[in-house]
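A short write-up of the structure that comes next.
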Amino acid sequence: MRRRHLLRFSMALWGAAALAASLHAQPAASVWDGVYTEAQATRGAALYDKECGQCHGPAGAGGSMAPALVGPAFAANYDGQTVGDLFDRNRTTMPPGKEGQLGGQENADITAYMLKVNEFPAGEIELPSQGMALKGIQYLAFKP
Ligand code: HEC
């Protein structure tokens, strides 16, 4: 009898530990926390106009060649993902035919500009260009 209680107790403990670990793994920051700077978004805007705007339109408004990078459909695609997912999408698939040719810093700057045109607030620290750090920033379409 005693043993069974002990077993049940240790199972409960294990469950609590697993829950704590999974909570801990949740991204700590979100796009609402000011995760890029204005200066970075300005650099990103120049790159965007050169590399992306001819298809995606001015400020991501969309064009006949490519979907909008702002607005409800775009928000729905990234809501609940991370900025790392958006960064990877830019880095590995865009611009078509030149995939992977923009550097990490350039992609971070373009991604910062995308956060700006999607009306997320700027802050004091630049958006990093390392995948691991970017995966820690959640993309939430609506302010939590
Ligand atoms: C030659 C035209 C063209 C250029 C230049 C281009 N794109 Fe795209 N982009 C597309 C097309 C077409 C799609 C939709 C098909 C697809 O997903 O591949 C797309 C899709 C995307 C998506 C996915 C949108 C979503 O709702 O999931 C992102 C993000 C994106 N582009 C970012 C960029 C960025 C950033 C640049 C510049 C570095 C860029 N694109 C340059 C044509 C282009």
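For the numbers below, each heavy atom of this structure counts, side chains included, while hydrogens, waters and symmetry mates do not. Since the structure is predicted, the reported quantities are computational estimates derived from the model, not experimental observations. Counting starts at 1 for both ligands and their atoms, following the listed order.
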For [atom], what is the nearest protein heavy atom, given as residue, atom name and distance?
atom                    : answer
atom 34 (C) of ligand 1 : Cys52 SG, 3.5 Å
atom 27 (O) of ligand 1 : Tyr78 OH, 2.9 Å
atom 8 (Fe) of ligand 1 : His56 NE2, 1.9 Å
atom 28 (C) of ligand 1 : Leu69 CD2, 3.6 Å
atom 35 (C) of ligand 1 : Asn90 OD1, 3.4 Å
atom 33 (C) of ligand 1 : Met94 CG, 3.3 Å
atom 16 (C) of ligand 1 : Arg89 NH2, 3.7 Å

Which atoms from ligand 1 have a heavy atom of [X] less than 4.0 Å away?
X      : answer
Pro96  : 3 (C), 4 (C), 6 (C), 7 (N), 42 (C), 43 (C)
Ala66  : 10 (C), 11 (C), 42 (C)
Leu102 : 38 (C)
Gln54  : 5 (C)
Ile110 : 35 (C), 38 (C)
Met65  : 12 (C)

Does an N or O from Glu51, backbone or side chain, lie closer than 3.5 Å to an N or O of ligand 1?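 There is no such contact.
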Can any side-chain N or O of Glu106 pair as donor or acceptor with the backbone N or O of Gly104 at less than 3.5 Å?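 No: the side chain of Glu106 does not pair with the backbone of Gly104.
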Can you tell me if His56 uses its side chain to pair, donor with acceptor, with the backbone of Pro67 under 3.5 Å?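 Checked: pair present.
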Which word best sums up how the rings of Tyr78 and Tyr139 line up, parallel for under 30°, tilted for 30 to 60°, or perpendicular for over 60°?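 Tilted: the ring planes of Tyr78 and Tyr139 meet at 30° to 60°.
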Among Leu115, Thr111, Val117, Ile110, which one satisfies side chain to side chain contact (heavy atoms under 4.5 Å, CB included) with Tyr113?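 So the option named by the test is Val117.
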Which option out of Cys55, Gly53, Gly44, Gly62 puts a heavy atom nearest to atom 2 (C) of ligand 1?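 Minimum heavy-atom distance to atom 2 (C) of ligand 1 goes to Cys55.
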Which option wins on minimum heavy-atom distance to atom 26 (O) of ligand 1: Asn107, Asn77, Thr93?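 Minimum heavy-atom distance to atom 26 (O) of ligand 1 goes to Asn77.
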Ligand 1-proximal atoms of Pro67, by part, heavy-atom distance under 4.0 Å: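 The part of Pro67 near ligand 1 is the side chain, not the backbone.
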Tyr48: heavy atom below 4.0 Å from ligand 1, yes or no?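 Per 4.0 Å heavy-atom rule, Tyr48 does not contact ligand 1.
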Between atom CG of Leu140 and atom OG1 of Thr82, what is the distance when rounded to the nearest 0.5 Å?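 It is 10.5 Å, given to the nearest 0.5 Å.
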